[in-house]
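By convention in this document, chain letters (A, B, ...) are assigned in the order of the sequence lines, proteins followed by strands, and residues within each chain are numbered from 1.
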Amino acid sequence: MTSPENKSMDELVSLCKRRGFVFPASDIYGGINGFWDYGPLGVALKNNIRDSWWRNTVECPPIGPDGEPVSIVGLDSAIIQNPKVWKASGHVDGFSDPMVDCTETKKRYRQDHLELLVPKSGEGLMYAFPENQPDLIAAKLKQARVDHSLFETVTLPEIPVSSYDRVVAPDSKNAGTLTPPRAFNLMFETYIGAIRHEDHKAYLRPETAQGIFLNYKNVLDTMRVKIPFGIAQIGKSFRNEVAPKNFIFRSREFEQMELEWFCPPDEAQTWYQFWKEQRMLWWLSLGINANNLIFRDHDADELAHYSNACVDIEYRYPFTFPGFGELEGIAHRGNYDLTAHQNHSRTKMEYFDQAAQLAAKEAGLDKEDIARKSRYIPHVIEPAGGLTRALLTILCEAFTPDETRPSKVVMKFKPNLAPITAAIFPLINKDGLPEIARGIYQKLRQKYTLQYDAKQSIGKRYARMDEAGTPYCFTIDGDTPQDHSVTVRDRDTAEQHRIAIDRVDEFLAEKMLS
RNA sequence: GCGGGUAUAGUUCAGUGGUAGAACCUCAGCCUUCCAAGCUGAUGACGCGAGUUCGAGCCUCGCUACCCGCUCCA
């Protein structure tokens with residue numbers, strides 16, 4: 001395996017375009033910042049990753065601590081929801097803070113996070129400092145011989161923008177370096193209906209998670225599920241990122257794979273550990289080198305205010321090497337979301353846990369404890385992975401420069417993820433070989449994603465498949481009509497061996513499972 | 001949003017203010033019994049918009065996109 005430091009993102013981006021994995025969106029109009037299109041091979045790879053996640057999460061979920069598969073159902077909620085949803089979730093407030101920039105230090109501050117020492121006289125310079133940290137400008141004040149008693153503290157939003165020319169920014173020497181506040185709303189806005197009116201403003205979802213919380217009760221009422229259980233969803237989300245970068249790593253339109261796991265409050269920590277392990281196992285199952293994956297626990301000051309614990313699974317991307325970059329976050333969200341929606345929608349999110357009630361009674365608990373154990377708003381463990389980032393990770397991981405090959409590079413996808421599972425080639429385009437090859441292709445194309453190609457030299461065809469990441473090539477040669485065998489060429493070793501035509505199906509079936 | 005860099009064919013690169021080139025890819029034909037072979041052809045580009053100039057791929061300005069570094073990432 002080539003280490004990430006030897007992988008050039010430029011070369012990977014070139015290959016992605018040359019071979020139809022990823023194209024710049026709106027390419028012929030000069031592109032559009034933060035958006036990408038997935039080409040024929042890219043969407044095939046992305047769908048295969050997506051299907052693996054769905055299979056592993058919804059259709060064939062992991063075995064829980066009790067030896068039985070855990071209970072998870074699927075969902076596909078709307079991208080646009082009632083705007084009240086995003087008010088309740090905190091995204092409207094949290095995503096739209098006005099920011100001011102300092103043109104001297106190039107630092108950016110939330111407007112409401114800056115405080116000022118303002119002369120009571122109403123004239124003269126005002127000194128800005130980060131919220132609750134007046135000490136940070138102590139030296140500057142001393143130099144300016146500021147007498148504190150002549151000043152009062154106000155927050156930046158309290159003073160008019162016309163006075164900004166008298167404001168000395170925190171790390172700045174001169175006054176007037178702060179720009180007027182500008183809104184950085186990370187949510188994309190749209191208007192419902194033909195008439196563009198503020199009352200009809202709506203948002204494209206910045207995460208798929210809220211769609212799950214909105215349907216928590218619907219699922220509970222219809223699917224005969226009992227806590228603990230999960231709801232899984234895959235879909236597009238949109239964030240108006242300030243600075244999209246690193247190819248498809250941070251884009252404005254991206255795809256998420258999210259699971260919300262609902263459980264009793266006192267089991268949350270156990271399930272958090274469970275999902276932490278399970279999620280890592282899934283990433284490893286995609287064939288990612290364990291050395292390129294790590295857990296990174298969030299520090300206490302890094303946690304969102306509602307979260308009790310959060311860990312990221314990170315991958316060593318070529319552009320983060322030797323460091324890592326985020327792939328998936330597993331968050332212990334407590335009951336924050338359901339409580340928020342309960343308060344805003346006035347819909348009860350409480351769960352009555354009959355089994356817990358029985359157990360509590362049998363344990364001889366008092367009435368209060370029995371009630372507490374049996375009636376609660378579930379806690380939530382949220383493994384939230386990026387499908388688009390998964391695609392990038394798989395592309396980076398598979399990308400393997402090899403100077404000994406005609407193609408100079410080979411994409412080493414696992415067989416069950418590869419956009420093309422196998423190619424069928426007649427060695428030469430005559431002597432009855434194409435007929436045999438097409439026969440194999442026609443017979444197996446319903447079960448596998450195959451490509452038939454008879455054009456040009458065999459070496460050229462192998463090289464093309466190396467760049468597309470096709471793990472196996474079956475070649476029909478002059479011996480085939482006599483002994484009914486074909487050669488199998490292995491992408492990773494470039495070596496060949498013969499197998500019987502009748503065994504091709506079996507061979508592929510076995511490889512797809514491994 | 002800031003600073004720096006870059007923008008010529010699908011890709012990677014040449015190109016002195018004066019007729020836009022190559023290699024690879026792709027496609028067609030011939031050839032071909034295992035790794036982009038050989039031969040003959042073909043398609044295909046100066047990111048967008050202004051300006052300077054007799055004349056701009058080249059100089060100037062604006063815009064857009066991409067890369068690197070900050071910033072941001074509830």
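Within 4.0 Å of A/R405, counting heavy atoms only, lies no atom of the nucleic acid at all. Contact annotation for A/R19: base contact, defined as any heavy-atom pair under 4.0 Å involving a base atom. Among the heavy atoms of the strands lying under 4.0 Å from A/G30 are primed sugar atoms or P, OP1, OP2 only; no base atom is included. If you check every strand for non-hydrogen atoms under 4.0 Å, A/F247 touches sugar and phosphate atoms only. The residue A/D479 sits apart from the nucleic acid: no heavy atom pair falls under 4.0 Å. Residue contacts for A/S407: at a heavy-atom cut-off of 4.0 Å it reaches a base atom on one of the strands shown. Contacts of A/G39 with the nucleic acid, taken as non-hydrogen atoms under 4.0 Å apart, are absent.
Proximity note for A/R250 (side chain, C-beta onward) versus B/C34, B/C73, B/C66: the nearest is B/C73. Candidate nucleotides B/U33, B/C66, B/C35 were compared by shortest atom distance to the side chain of A/W36, and B/C66 ranks first. With B/C27, B/G10, B/C68 as the candidates, the nucleotide lying closest to the side chain of A/Q456 is B/C27. Side chain of A/K430, nearest nucleotide from B/G29, B/U32, B/U12: B/U32. Between B/A65, B/U33, B/C25, one nucleotide has an atom nearer to the side chain of A/L427 than all others, and that is B/U33. Of the candidates B/C66, B/G10, B/C34, the closest approach to any side-chain atom of A/T487 belongs to B/C34. Among the nucleotides B/U12, B/A36, B/U33, the one closest to any side-chain atom of A/D431 is B/U33. Closest contact between the side chain of A/E467 and the listed nucleotides B/C70, B/U33, B/A36 involves B/A36. Here the nucleotide nearest the side chain of A/D477, chosen from B/A65, B/U33, B/U26, is B/U33. Of the listed nucleotides (B/C66, B/A36, B/U71), B/U71 has the atom at the smallest distance from the side chain of A/K245.
Checked against the 6.0 Å centroid threshold, A/Y216 and A/F262 count as a close aromatic pair. The six-membered or imidazole ring of A/F249 lies near that of A/Y317, with a centre-to-centre distance under 6.0 Å.
Expressed to the nearest 0.5 Å, how far CG of A/L186 lies from NE2 of A/H91 amounts to 9.5 Å.
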Evaluation steps, salt bridge (charged side-chain N to carboxylate O under 4.0 Å, His left out), between A/K276 and A/D297
CA-CA 11 Å; A/K276 189 174 161 180; A/D297 289 297; 3.6 Å; yes

Evaluate the criterion side-chain contact (heavy atoms from CB on, under 4.5 Å) for residue pair A/I440 and A/I476; output intermediate values, then yes/no.
CA-CA 10 Å; A/I440 299 173; A/I476 286 69; 3.8 Å; yes

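One cannot find a donor-acceptor pair under 3.5 Å joining the base of B/C73 and the side-chain atoms of A/E241. Contact of A/Y29 with B/C48 (side chain to base): no donor-acceptor pair of N or O atoms is detected under 3.5 Å.
For A/K17, no side-chain nitrogen or oxygen approaches OP1 or OP2 of B/C25 to under 4.0 Å. Regarding contacts with the backbone of B/C68, a side-chain N or O of A/N246 is found under 4.0 angstrom from either OP1 or OP2. For B/U64, neither phosphate oxygen OP1 nor OP2 lies less than 4.0 angstrom from any side-chain nitrogen or oxygen of A/N33. For A/S457, no side-chain nitrogen or oxygen approaches OP1 or OP2 of B/C35 to under 4.0 Å.
Each of A/R461, A/K408, A/R405, A/R19 was checked for a salt bridge (charged side-chain N to carboxylate O under 4.0 Å, His left out) with A/D466, and the lone residue meeting it is A/R405.
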